Structure formats: C-alpha cells, structure tokens
**Student:** 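Got a structure here, written out as structure tokens. Questions coming.
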Amino acid sequence: MALPAQTSEVDAWEAVLRQTKVAVDTNADPNAWALGVTSTLRSSAVTLPSVELAYRLVSFFFWDNHCATAWKLLHTAMSLNLLPSSLLMALLSATVVPSRQLYPTAYRLYMELLKQLDDMLARDFSSLYYEKIMKSIDEVLQLSQVYSQKVWEPGVVLVDFVFSIVWQLLAASLDDEGLLDHTAENKPRWLSRSHDMNIDGPDSFTEKKTEQAEGFQKKNTAIAIEIIAEFLQQKMTSRILSLVHWNMSSHWGSFIHQMQLLVSNSSVFRNLKHITAESLLRWTQNIHEVVSHELKKKSKMETNLVTPAGSLMPLAGQSYGDSWSSLWLPIDLILEDALDGAQVAAFSAIEIITGMVKTLHVVNGTMWHNTFLGLWVAALRLVQRVGIILTEKERDLKEGPIPRLDTCMCMLLSITTLVVTNIIEEEEGQLIEEPEHSPTNQGKNKLALGKCHGELITSLQLLGDYESLLTPPQLVLVEANQAAAKAIVFLSGNPVGSGCFKYMSTNDMPMKCSGNLRHLIVEACIAKKLLDTSAYLWPGYVNTCSNQIPCSISNHVSGWSSLMEGSQLTPALVNVLVATPASSYLLNDSIALYLNYSIQMRPSFHEANIRCPFLKTYKSTEFMPMDFDGSLAEIEKIYEIAINGSDEEKISAATILCGASLVRGWNVQEHTVLFITKLLSPIDPPNYSGAESHLTSQAPFLNVLLIGISSMDCVHIFSLHGLVPLLAPGLMLICEVFGSCVPDSSWTLASGEKLTHWEVFCNAFTLLLRFWRFDHLPIEQVRSDATTPPFGSLPSPECLLLVRNCKLASFGRTEKDQQRLKRWPKILCFSVEPVFMDSFPKLNFWYRKHQECIASFRSGLVPGRPVNQIVDALLSMMFKKVSNGVKPSTPTTSGSSNSSGNALDDALMKLKVPAWDILEAIPFVLDSALTSCAYGKTSTRELATGLKDLADFLPASLVTIASYFSAEVTRGIWKPSFMNGTDWPSPAANLAHIEQQIKKILAATGVNVPSLDIDGDSPATLPFPLAAFVSLTLTYKLDKATEPFLALIAPAMNAVASGCPWPSLPIVTSLWIQKVKRWSNYFVLSASSTVFHHNKDAIAQLLKSCFTSTLGLGYGSIYNNGGVSALLGDGSVSRISNGISPVAPGILYIRVYRSIGDITLLIKEIVPILMLSVTDIASSDLMPKGVVRKPKKTKFGVKYGQVSLARSMARVKHAALLGASLVWISGGQKLIQYLMRETLPSWFLSATMFEQDGGESGVMVAKLKGYALAFFVFLSAAFAWGIDNSYSPKQRAEVVGLHLKFLASTLNRNGAMFSRCTTWKAYVSGLVSLMVGQAPSWVREVDADLLKRLSWGLSQMDEHKLALRLLEIGGIGVMGAAAEMIIGFEHRS
C-alpha cells in the first residue's frame, strides 16, 4: 500500500485553522477537533507539542473569533500536549490581561488555567523541546530585556516567566482599583495593550459596563489575589519565586512595595475572608524562609533531635551540662592573646574582635543580647584572670614586666565597648542604606532602628546576675565606686545647692556606695551614647543607705571643673589633671550636689528608700538635668592648648594627655589616643620659613609625648586601638629630623635637666622600632614563619606604611566609617596622602644597612671614609679609662695610639655628629669589640662595660646591638662562652632549680619532655655574642626610665636564646632571676617556650592537653568540669607551690605558640588530635565503659540515646570551636589557607581516612568525625574572613573556591571510592550545610560552573535537597539550574 504524500507545512497550518473555524462555528467536540488537528500536523511532519500551534491558535481566537468554545479547545490542546502549556500561558498573559476590562470573562478563564501552572511547568520541563519553549516565552514577553539578563539560559527564563505571571496579576489588581502608580519604573509592560488589538470591538459575551460587570471585575481581582497567595504558598512556585528574592533584589523590592500598597489600600483585599494582611506580607517578605525550612527540617547537622515540646532543637543552643560560656570560648582566647603583649600588633583589636563576635552570633544562632552577654562575660573573665591583687607590689610579683591591669581594663571598658558600638553602628548604617536601594523599608526604618540597642540593654541587665565576675580589682575600686555614686546623684532628683557644698572630694562618698565592674561598663556605654541615664533605673543597679552620708564635706574644687571654668594651667592644677581622668570632674561635682541636696533639702529621702526604691518615683526623662558628656570637651580643650598654647602650656597639655586620661580614662581613651597620634604627626605650619625643620623648636613638647606613651601598657593601648600604622609616619619624621641634627645645642627643661636632639631621637627611634620585628629580615620571616597571627607584628616599616596608606585611602567610603566619624572629634583631621619610605631618606638608608647587618652581609671599612673616624672614636670612648690613667688594650681600626685623656677628648669631639652617622658605625664597632674580646685583647668585663657605655651614649644603639648579636649567633662562627662566674656570670646557683620548675609547669599542663634534662656535670655555655648580649642587659637597672629600652631588646634576646641549643634560654633565665627574684614566675614561664621550639612532641602534648581540659575528657582534677575555666584558669590568685604557680594549658599555649619554629606543624597535629577527641567524646557519651544503652523513653518521649547523641554533637562542636580558635590566633589567614589548600586534601586522600570502623557505633563515630571537621574548617574560615563581606571577600572567595573545587572534583572523579566513607560524606554534607545555612554570601562568591558540579556531586550522594539549596542561593549564574532542579525535584516527589 503506497503512503500518501506529505502535505506541505503551509497547507497544514491552513487546514488546522479551517478545522478550528469549523469547530468554533459548530461547537464541535474538542476531542474530535484535537484528533483532526493531530492527524493534519503529523501528516506534515510537524512535531508535537508544537510551538507554532500555540502562536496560531492564540492569534486566531483573540479577539476576532473569541468565544467559550475557544477556551475549551485551548484546554483540550493543553491536556493532550498538542502545544506547550507554558508558552500558551505566556501568550495569554500578553493578550488577555491587558484587555481584562473589556473581556473580564476571558480574564477569569485565564486565571482558572493559571492555577495549573506548576503542572504545566513540570510537563514542559520534561519535554524534548524545553529549550525551544523557553526561547519562545522569552520572545513573547521579552523577559531578557525586561530583567536585563546578561546570560541567556532556559532556567533563567523560567524564573523570569513565573515571577512575571505573579507580578502581572498583582499589577493588574492594583490597576483595577486605581492604585497603581503609572510611572515607567512601577508599571509592568505586560499591562500595555497591543497596538493591533481591536479595543473597540464588542465582548464575546456582549458584556456591558453595568453594576453587575463591575462586580464581576471585583471578583476577578479577588481571584487574582488568591492566586498570588497560592503561588506564594505552593512548594514549587514559592521556591522559584525565592530565587528572585535572592538574585533579583531590586525587582523583588518593587514587587514587595506593590504588595504593601495592595494590602494597605485595596478594598477588595480587605473583604477577603481567608487571607489576612499579616499572612500575605509574611509569605512575601519571608519567601527565603519558606525554601530554607525544608533543609532545616531534615538537616543532618541537627541530628533529627526533638525536644519535649516537639520543636526543633538547635545545636548551638544545647549545652547538656557544658557551660553556656563555652559557646564564646573563641572570644576568651582572642582577648587573652590580645593582652599578651609579646609583640606590638598593627591591626585594631576592635576590628578583629568585632569580626569574631559577628561570626559567633551567626554560628551559635543566638539573639544579640546573648552574644553581647557572652562578650561581656569573656572580658570580665579576662579581668579575673589578671587577679584581684591587693597591692601593686603583689601585682608586680605575679605579673612581671608585661602589660596587664591597665591594658586589661582598657580591653574591658574601651575596646569591648567599641566592639559593641561598631556592631550597633553597622546595623544603623545598613538601615540607612536600605531605603536607598529598596522602597519597601520606608515605613519601617524608624521602627527597626535601635534593635541592637535594646539587645544591649537586655545583656547589661542580665550581667548583674554574674556577681562573682563583677568584683573590681583593688586598684580600680575607687573608679567603680565613683560610677555607682554617679547613678545615685541622678536618682536623687534635681539637686540644688551652693556654698561650701558646691564641690567635694571623692573621698566624701558614701562608704557603702559599693561599685562594681558593671557600673563601669554602663558608664562606658553611656559615654559612647549607647545608653542613656535611664540605665540607673534598673532594679538593683545602685544601693545606698542614709547612715552612710558624711557629716562634713571637704571644700575641694575639682581640677577639671577649674580648667573648664577658665583656670590657668598652674603646676598644681597640672598635677591634678595628670592624676585624674578627664571624665571625673562632673562626677565629683554631682556627688557634692547630691549630698548637699540629700542632707539639707530631703532628709527623709533615704528613709523612704529603705522601704521602697526611689526608682519608682521618677521617669527616666527626669534624670538628665546635668550634662555628663563633658569629658570629650575637656580633652578637646587640652588638645587645643597643645596646638595653640604657649610653649610651657603645650608641654603641660602633653603631660596631661599622657596621664590618667590615657591610661585610666576609658570613656575618653579612644579620643585621647587619636589626639596624641595627631600631635605626633606634625605638619609644616603654613607661615614657617626657617632653614631647619620646625620640629626642632618643639623638641621639649614632642619629648614629653614620646616618653609619656613609651610604657608597655601605653604602647599596648595604642596597639589595641589599631593606631600603630597611623602613629608610625609621625615617629619616622621625628627620627628623620632629630637624627640628622648635630648635638651642639640643648633645651633646659622646667626640672633643670638638659634635653638634646639625640634624646628626642632615641625616644622616638626606640618607640618606632617596637612596632615591627626589627631583629629579623622580612624574607626570613616569610620563610620560617609564613603565617600572620591577628595580633602579630609586621615584618618591616614598609608594611606599616602600606597598612597606613590602605586604611586611610579606603576610610570614610562605607556607612560604617561614616558612623564612626560621627563620634570622632570634629577638630581632628589626618592627611590621607600616601607615605613611603622614600620620604625618609636617612631612615631608609639606615634600614637598608640594618638589613645587611642582620644578614651578616657587611662590607669592610673603606679607608678614608668619615665613618672610620666615628668607629675609632666610639671604640676609644668604650674602652679608654680617664679616671686612673690606666691604658688598657683598645681595639681600633686605624692602629693609632694616644694618651687616654687626649684620646677620649678627641673621641668625644669626633662624636658630635648626627645620630644616623653613629648608628651607621655601630656594626663595625661591635665587630671590632667582639673580635678583640674573642682574641683576649679585651676582657669580658671590659666588653660588657664598653657596651653599656655605648648604649648610654646613644640609647638608640641598642637596636643595632640587639640585631647584630642576633645575626652573629645565627652565623655560628664564634666559640661558646663558659658561664663560669669568672669570665662571664654564672647561672649555677639556680639553673637546676629553673629546669625543675620548667618541667613542673609543663607537667601541670600534661607536657612531659624528659629528653630536655640539663646535664649538671657539663659546664653551662652560651654562644659568645649571646653571652655578651645577656651581660649587657644585666647591667641595666629595672626602673621606669629603662623600661622602654628593655621592652625593645627583651623580645630579641628571648628569640635568639630560644633558637640556641638547649639549655641556653634557661641559662639566661637563671641569670635574670638572680637579678630580679620577684619576677621568677614570669621568667620561668617565658623560658618554658624554648621547649616547644626544640621539641615537636611537646607541641602535640600541649595541644592535646588543651582539648582534654576544655572537653572534660581527662581524669586529673583540672579536667573534671571542662570549659573555659579548665582551659584558661578560673581567675583566682594562684598560690605558689614549691616556688611555682600552676599555669592553665590555654594560657601556656598563648604564651609559647610564637616560639614554635614551623607553625604549620600546628595544623598537622591538630587534625589528628581533633579526630582523637571525637572518638573520646563518643566513647564517653555513647558507649561509656562498654555499656550498651537500650533506647528508653522519658516521660516526654525523648530517648536516652538521642540525648547522648545530642550531647556528643554539642561537645564535638566545642572541640571544633577550640581547634578553629587555636589555628586562627596562631597563624591567621595564611595558616587557615594552608589548612584548606593542603592539609585537609592530603588527609582525606591518606590511608588514615579510609580506616573502616565496624558496627553501628563505628559508623556514628565516623559521622561525628566528619561533622567535627566540617565545623572546624567552617569556623576557621569564618574567623579568618568573616561571615559577611566586611573582611577580604576576594581572598575568601579564592580559598573557599579552591577547597570546594577539591570537593567537587573528588565527588565527580572518585565518587565510587568515597561512597562508602562515612567521614567523607559527613564532612562534605556538613560543610556545605553550614555554608548554605550560615554563610550564603560565601556560596554566591563561588564560580557558577563549580557550584553546578558540586551540586551534581551532592546529588550523587543522595543529598538532593542540599544540592538544590546550594543552587538556590548560589547567585544569578546558577539561578536557572536551581529552577530546573526545583521542578525536577518536585516532579519526582
């Protein structure tokens, strides 16, 4: 039988239209029509479903042949899959909706079809012609142009299509009620009628504009709103719409704005019975929560646990016996590390701690008041660990020469308060920015503003319950009592007084007006405008009794009030202002007024207070009669005097700024350090025309500032505030100028002492060199210590200037910076011009020569150079004795000889040269002196005395001396020196005892290293340069004048001694303990660090001890409870036992981790220790002592096994939290980068990971290990780069992207090999779950193709929902793939 010839396609379409015309005219059976159309198209080889059929039918029916039969035929064509349903709906939306007022019945029928949209999308997605269908929809609605899509993908068109359908219904509903703003940006183009449409033609059903028709139209509007609500609730469409929320925020914002307009003004909506305004807005605004609910519901990170109430049990909130404060353990560690002070950090502690607090807020899933409370508690524990020391002598005995109490109080009352300020200001900045990008927040901005303020108040109110932590140290008890008294003054009403009661001393305070640290914290928050005086109304905030009012009050006028009233800066007034912080005068005045009022005006007030607190009598607004924010005005006035006053007034102002206002003025400390930094960053005055630098005339003023901030605590305070890079250029300029001056003139100070150019130079130079590791080459640090601890020093002055330039160049661009500028003094202004080392030629030349000295790459002296004479003169000064005329052998470079007196006089004359010339000669002097002593020409005693004379002559030479000796020890060319008590000082008196103390300290923390025992029969030796270095340091007296110089060279001496063979550092320690016995604990603890430099096993043991103590896994007494106290100590004053104070393992680690030669060893050790800790946790919680627990339900229905698993998961998280914290503080971003790039990939590919655990318990342990690693990696990266985009998003994207690339490649290539590895699967799913749930911005930074590959790999692991969620938040690049997975996922389910 011959086949009929195919009909041409053109003829086929004409035949289809004829068949359709007949069907409409005769009201034929739709199925019969469909059968005929199918036959006709197939005869012409037209594939079904046909895109062309959809176009032709819509064009035919609308509007010339529009009738009820037309809708029946369209519905049948859709049902039999003759045409793409989605395309048909796109065509109808473009045709019917704009004409809905003329054809309301057509609009109604269109919406009835629209209710089946999810089925239509699923059917078309599974079609072979899916891409062609999406292209046609894009052409019909011009979606790519409307939404400005840069890349065309069928899935993106699908999202745009669904959103357009919903938005079109919303806009039509608004338009029908006259609510739509007909502007270009608000009116969707799909409401515009087509130009070729016959808008004047009659309706198919001859509908008239009657009241019935208007009612029909309102009914259509109601149906449209119901369909919108249905789409927002349906699983598939809501998830697709959520993609618009994540990736098309501007369009979604306009949509929400119109939704709010509908809810607020639509009369049709108000008459709906089943949809409320609250529910519709909730579905719209929380669309992202709808899609995340599925993941949270069955997330493996939640372990499917159920509380007695039946709700989800968040992992972060579970403690199961562990201390709540363990959640904030990283804050305790970072605060303790910041307080260490071993190095001067260049980066702001405020920014570092702020980032960590924000990260923990997200990770722990707590409210902000809990987060703030965790921060306050951690800072208070820091204060307690310093100890409640009764006297300053006891404090020195316990601490040693390190910054402690003043720095600690700065951390609590200034730094921590500024961290909270940053968080609150950042929230306010975001609320200010949001209305600029979205119209939806206009009505709620004021309502949302201050949310964190309320959380702060709650946290401080809850803080009152921590009485044991609030006890103030004895040395700040007066300040705490003053803060409490200030609250009493306010709560007394409106005091009025005069005469002798106008002023009073703080000694006249009520004796039982006992203040605590919370009072100081509240005052700090009030000073930052985070709180107002309504805080004084909190129940139990203050307490005083009537019988404590003093009967007599001293007639004393406060110094600061006198200054503000115009008094001159007399010596007596200056002394008062130096000793009193700037915020105290208002407090003293108020106390006086309070007592005056209470005694004379209202004697029954306190009697009533005994029965009922007076808090209930007054409103908060009634307690602000006086301005308590005067401290900034005071400090600004002192700054203005320092700028514009006479020379004598400037010196007085500088002395005041560096006094109590800097160290104890916590409420003004932020401004004080800025003012001092500005004063030390001088610029040329506009009218200056002198030949010399204008700085030389300011020498006494600058010297007061330099000395005033050179103490260990002061330098550390500047470091914590992040001002070291800003301060460095000013110090460099001072060094450049004064180091270039010849010391032929001086200034006579008020004390009668002489001040020279050299003295100013030395003070500035030694302060500047504490800002970076001057005794190491930068390349050396990169090679041996390729990490950047957050509180580590920078390697070079170039780095300091680079950090300074970058900070100033970018400062002020963000809303956060603008908020910060608002609280800065208006009179401050810093130059933002970049500064480079070339701006300081003398300093730059010295630095290059200094690097050559460290590298031992020095050329010899060239005859005829001026430096030769300086070298000879220095040697003559060091070794010639004038007093007795004895002529010892003196090393010289020229070989000339002269009488002692004449030679010394000539030498001193030749040394009247700039300090830079002296520093250039010192390496040659030291080389000659050491060579002479090594060959016996000069005795060791003469060498030590000569070095001391050199250091006294130019104290700045200590820098070169320290660097030179360090370099010479590294070269290893000198013979060892026998510390026998004859040639060199002997440590024999207590060396063995020191060694035993070191072993006891280590043993108390679980570290046992028997191989480092000291051989008592062998003589104690040190490398010759180190012996000379130590001998020099021993010649110094320990007083305030020498503190800056010892603080400069002590780290260098410790570093070089640690690098020498054992027991070099114990020998040095023994010698120093003989000199300063009261600091023996400090010296022994410092000497313990050398053990970890020499022995890798000691590092592993200490790390394991940190984990064991924190998790409470050990059997010793310190391990019983675990938590922060076990790791860092409980804050009680340590009792010395056998001459030694016990040290908590965490404290020891923080003190010694910088001594670890290769810090990457930490990563190699910490991963196995973490895995071992997980095994121990599982053994103690799930399988204690081999007992198998049978599942048993409680009265709430919770199984014991579930509780044990939940406890294990919580402890696993604590272990990961500890591990991430240790890695972060030890090596910063570079170490975490090494972890994610090298360590973990190597570990996962090693044989260790593939070890199979048998039985059900083995599988559970393997899962816990995977989750522990996931937490560990996620937390480490979060600490390094933050959860949001505040810190280094580009670097984070690179590191995280490379790690995810490893995961995706492993899943795609080695899926079968890893499919049975439980630890691997738990790690992958756990890490991705954490990123998706807590750091969505990380996902959006990853390359789109990589996300698709990773999503595919997760699907292969049967993690379909996680794979989908990854794409849903992955950004516009994967939005299409996410939409397609949503449809495919919902279609399968």
Side-chain angles (χ1 to χ4, degrees), residues 328 331 334-335 348-380 410-436 441 444-463 518 520-536 538 620 628-629 631-632 666-671 674 720-722 811-825 1282-1287:
W328 315 107
I331 300 179
I334 202 72
L335 292 180
S348 169
I350 302 167
E351 295 180 4
I352 294 171
I353 298 170
T354 299
M356 175 165 282
V357 170
K358 289 164 59 178
T359 296
L360 291 175
H361 168 68
V362 175
V363 169
N364 291 331
T366 59
M367 298 290 289
W368 269 116
H369 72 267
N370 277 328
T371 304
F372 289 147
L373 183 61
L375 176 62
W376 296 124
V377 169
L380 289 169
C410 163
M411 185 71 75
L412 172 67
L413 300 176
S414 184
I415 301 301
T416 303
T417 309
L418 288 171
V419 168
V420 176
T421 304
N422 276 358
I423 293 171
I424 292 177
E425 287 181 351
E426 185 173 344
E427 178 203 37
E428 294 176 353
Q430 291 173 350
L431 291 171
I432 292 172
E433 286 181 341
E434 281 179 1
E436 301 176 1
N441 294 297
K444 65 175 184 177
N445 186 34
K446 189 173 285 187
L447 179 64
L449 196 63
K451 179 180 178 181
C452 280
H453 275 103
E455 299 282 321
L456 171 63
I457 292 172
T458 303
S459 72
L460 290 173
Q461 290 173 338
L462 294 174
L463 191 61
R518 185 169 73 137
L520 291 174
I521 292 173
V522 169
E523 289 304 316
C525 291
I526 291 175
K528 301 291 187 300
K529 302 189 186 319
L530 301 177
L531 300 175
D532 57 26
T533 50
S534 62
Y536 302 150
W538 297 346
S620 61
F628 275 70
D629 191 28
S631 54
L632 181 56
W666 305 295
N667 298 346
V668 295
Q669 197 172 69
E670 178 189 21
H671 305 110
L674 284 171
L720 292 176
H721 282 275
F811 187 77
R813 296 182 180 179
T814 64
E815 188 61 39
K816 181 175 67 174
D817 291 339
Q818 295 297 329
Q819 293 289 327
R820 185 180 179 187
L821 284 172
K822 290 180 181 178
R823 68 172 188 265
W824 277 18
I1283 291 289
D1284 54 17
N1285 293 326
S1286 301
Y1287 306 100

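Fair warning: this is a prediction, and the values are worked out from it, not measured in the lab. Side chains are part of it too, since the values below use all heavy atoms of this structure and drop only hydrogens, waters and symmetry mates.
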**Student:** Drop me the distance from Gln669's CD to Leu674's CG, to the nearest 0.5 angstrom.
**Tutor:**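 Between atom CD of Gln669 and atom CG of Leu674 there are 11.0 Å.
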**Student:** Just how far is it from atom CG of Leu375 to atom CD1 of Ile415, taken to the nearest 0.5 Å?
**Tutor:**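 Reported to 0.5 Å precision, the distance equals 11.5 Å.
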**Student:** Would Leu632 and Asn667 satisfy side chain to side chain contact (heavy atoms under 4.5 Å, CB included), going step by step from the backbone distance to the final call?
**Tutor:** CA-CA 9 Å; Leu632 181 56; Asn667 298 346; over 6 Å; no
**Student:** For a quick test of reading the model, state the closest non-hydrogen atom pair linking Ser459 to His369 and the distance between them.
**Tutor:**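 Residues Ser459 and His369, closest heavy atoms: CB-O, 3.3 Å.
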**Student:** How close do Trp368 and Glu455 get, counting heavy atoms only, and between which atoms?
**Tutor:**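 The answer is N-OE1, 3.4 Å.
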**Student:** Do His361 and Thr371 get their side chains close enough for a donor-acceptor pair, meaning under 3.5 Å?
**Tutor:**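 Side-chain D/A pair, His361 to Thr371: present.
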**Student:** Could you measure the distance from the SG atom of Cys525 to the CG atom of Leu520? Nearest 0.5 Å is fine.
**Tutor:**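 It is 11.0 Å, given to the nearest 0.5 Å.
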**Student:** Over all heavy atoms of both residues, which pair between Thr359 and Gly1282 is shortest? Give the atoms and the distance, please.
**Tutor:**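 Closest heavy-atom pair between Thr359 and Gly1282: OG1-CA, 4.1 Å.
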**Student:** For the side chain of Thr416 and the backbone of Met411, is there at least one donor-acceptor N/O pair under 3.5 Å apart?
**Tutor:**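 Such a contact is found between Thr416 side chain and Met411 backbone.
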**Student:** May I have the step-by-step check of side chain to side chain contact (heavy atoms under 4.5 Å, CB included) for Leu380 and Leu463, ending in yes or no?
**Tutor:** CA-CA 10 Å; Leu380 289 169; Leu463 191 61; 3.7 Å; yes
**Student:** State, to 0.1 Å, how close Thr417 and Leu412 come at their nearest heavy-atom pair, and which atoms those are.
**Tutor:**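 Distance-wise, the nearest heavy atoms are OG1-O, 3.8 Å.
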**Student:** Considering non-hydrogen atoms only, spot the tightest contact between Met356 and Ile334 and give its length.
**Tutor:**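 Smallest interatomic distance, heavy atoms only, reads SD-CG2, 3.8 Å.
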**Student:** Measuring from atom CG of Leu418 to atom CG of Leu413, what distance do you get when rounded to the nearest 0.5 angstrom?
**Tutor:**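 If I round to the nearest 0.5 Å, the distance is 11.0 Å.
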**Student:** Answer whether the closest heavy-atom distance between the side chains of Phe372 and Leu462 falls below 4.5 Å.
**Tutor:**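 Phe372 does not reach Leu462 side chain to side chain.
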**Student:** If you round to the nearest 0.5 Å, how far is CG of Asn422 from OG1 of Thr354?
**Tutor:**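 If we round to the nearest 0.5 Å, Thr354:OG1 and Asn422:CG are 4.5 Å apart.
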**Student:** Can you check whether Leu720 reaches Ile350 side chain to side chain, under 4.5 Å on heavy atoms?
**Tutor:**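 No, side chains not in contact.
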**Student:** How far apart are the closest heavy atoms of Trp328 and Asn370, and which atoms are they?
**Tutor:**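 Of all heavy-atom pairs spanning Trp328 and Asn370, the closest is CZ2-O, 3.7 Å.
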**Student:** Output all residues satisfying side chain to side chain donor-acceptor pair (under 3.5 Å) with Gln461, sequence neighbours left out; order by chain, then residue number.
**Tutor:**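 Counting only residues at least two positions away or on another chain, Gln461 forms no side chain to side chain donor-acceptor pair (under 3.5 Å).
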**Student:** In plain terms, say whether Glu670 and Lys528 are close enough for a salt bridge, that is, a side-chain N and a carboxylate O under 4.0 Å apart.
**Tutor:**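 Between Lys528 and Glu670 there is no salt bridge, as every charged N stays at least 4.0 Å from the carboxylate O atoms.
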**Student:** Could you state the interatomic distance from CG (Leu531) to CD (Glu523), rounded to the nearest 0.5 Å?
**Tutor:**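 Spacing of CG (Leu531) from CD (Glu523) equals 9.5 Å.
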**Student:** Between His721 and Cys410, is any pair of side-chain heavy atoms under 4.5 Å apart?
**Tutor:**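 They are in side-chain contact.
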